**Student:** 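Just passing along the structure, written as C-alpha cells.
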Amino acid sequence: MTDVSRLPGAAHHHWDWQLRAACRGADSSLFFHPPNERGEARDERETKAKRVCGGCPVRAACLSHALETRERFGVWGGLGEHELRTLLGPARERDDRDAACRPAA
C-alpha cells in the first residue's frame, strides 16, 4: 500500500516543476517497467528513460521529489529503482514495513 503522507500536498507550487519536465507528454511506460520485465529489456528501457532525464531542466527537483516521497518505482531524476533504493538506504525498507503495519486512519 502506498503511503501518501509523504506527498507534498495539493498546492500547485509543489508540482509546477513537472510542467517543465523533459518527460512531460512522454509515454510513462518508458519510465515505469511493465510486469515481469527483466534483464536486457529492462536495462535498455531504463537507459532510454535516463537519456530523456539527461537534458531535463528540472532533473534535480524530480530527484528531490522522488527521495522525499521515497518513490519505489520508475526512473526519477535520472536514477533507476536500484539507484534510488541505494540512496534511501535500509531505513527505507523499515519505514515501508512500519507503514504497512500501521492501522488505517
Side-chain angles (χ1 to χ4, degrees):
M1 176 185 292
T2 301
D3 180 7
V4 296
S5 68
R6 293 186 182 110
L7 294 177
H12 292 286
H13 69 277
H14 290 298
W15 305 100
D16 281 347
W17 61 269
Q18 292 181 356
L19 298 173
R20 299 183 314 278
C23 63
R24 183 146 179 95
D27 186 347
S28 63
S29 67
L30 180 61
F31 299 91
F32 297 92
H33 67 83
N36 301 317
E37 181 186 55
R38 303 281 187 270
E40 191 174 323
R42 187 172 183 150
D43 293 342
E44 287 176 9
R45 182 199 43 77
E46 191 171 279
T47 297
K48 290 177 186 176
K50 288 178 178 181
R51 247 185 252 131
V52 173
C53 298
C56 184
V58 296
R59 182 177 177 180
C62 180
L63 179 57
S64 176
H65 169 78
L67 295 174
E68 288 172 14
T69 60
R70 298 179 175 270
E71 185 60 57
R72 295 178 4 166
F73 302 104
V75 174
W76 292 85
L79 299 183
E81 294 172 9
H82 178 73
E83 295 157 317
L84 289 169
R85 287 184 184 129
T86 298
L87 284 178
L88 292 168
R92 176 192 175 10
E93 299 293 330
R94 185 176 56 252
D95 290 347
D96 288 347
R97 282 194 308 271
D98 291 347
C101 293
R102 275 186 232 125

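Every heavy atom of this structure was used, including side-chain atoms; hydrogens, water molecules and symmetry mates were not. Nothing fancy with the numbering, it's 1 onward along the sequence. This structure is a prediction, so every number in the text was calculated from the model and none was measured.
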**Student:** Would you say Leu84 and Val75 make side-chain contact, with heavy atoms under 4.5 Å?
**Tutor:**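 Result no, sub-4.5 Å side-chain heavy-atom pair not found.
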**Student:** Measure across Glu81 and His33 and return the closest heavy-atom pair with its distance rounded to 0.1 Å.
**Tutor:**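 Scanning both residues completely, I find the closest heavy atoms to be OE2-CD2, 3.1 Å.
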**Student:** Hey, does His82 have a side-chain heavy atom less than 4.5 Å from the side chain of Glu46?
**Tutor:**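 The answer is no, as the side chains (C-beta and beyond) never meet within the 4.5 Å cut-off.
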**Student:** Would you name the heavy atoms of Leu63 and Trp76 that are closest together and state the gap between them?
**Tutor:**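 Closest approach of Leu63 to Trp76, heavy atoms only: CD1-O, 3.9 Å.
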**Student:** Rounded at 0.5 Å granularity, tell me how far CG in Leu79 sits from CZ in Arg59.
**Tutor:**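 Rounded to the nearest 0.5 Å, the CG-CZ separation comes out at 6.5 Å.
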**Student:** Do the side chains of Arg24 and Leu19 get nearer than 4.5 Å, heavy atoms only?
**Tutor:**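 Yes. Closest side-chain heavy atoms under 4.5 Å.
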**Student:** Specify the closest pair of heavy atoms between Arg85 and Phe73, including all atoms of both residues, with the distance to one decimal.
**Tutor:**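 Heavy atoms only, the tightest pair is NH2-CE2, 4.3 Å.
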**Student:** Kindly give the heavy-atom pair with the smallest separation between Gly77 and Cys62, and that separation in Å.
**Tutor:**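 Heavy-atom minimum between the residues: N-SG, 3.1 Å.
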**Student:** Between Cys56 and Ala22, which heavy-atom pair has the shortest distance, and what is it?
**Tutor:**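 Looking at all heavy atoms of both residues, the shortest contact is SG-N, 3.3 Å.
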**Student:** Would a distance-only check, ignoring hydrogens and angles, find a side-chain to backbone donor-acceptor pair under 3.5 Å from Glu44 to Ala41?
**Tutor:**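 Side chain of Glu44 to backbone of Ala41, a donor-acceptor pair under 3.5 Å: no, none is there.
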**Student:** To the nearest 0.5 angstrom, please state how far the CZ atom of Arg70 sits from the CG atom of Leu87.
**Tutor:**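 Output value for this atom pair is 11.5 Å.
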**Student:** Which heavy-atom pair separates Arg45 from Pro34 by the least distance, and what is that distance?
**Tutor:**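 So the two residues come closest at NE-CD, 4.3 Å.
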**Student:** Indicate yes or no for a side-chain donor-acceptor contact from Ser64 to the backbone of Ala60 under 3.5 Å, with no hydrogens or angles considered.
**Tutor:**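 No; judged by distance alone, with no hydrogens or angles, the pair does not exist.
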**Student:** Do the ring planes of Trp17 and His65 sit parallel (below 30°), tilted (30 to 60°) or perpendicular (above 60°)?
**Tutor:**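 Answer is tilted, since the angle falls between 30° and 60°.
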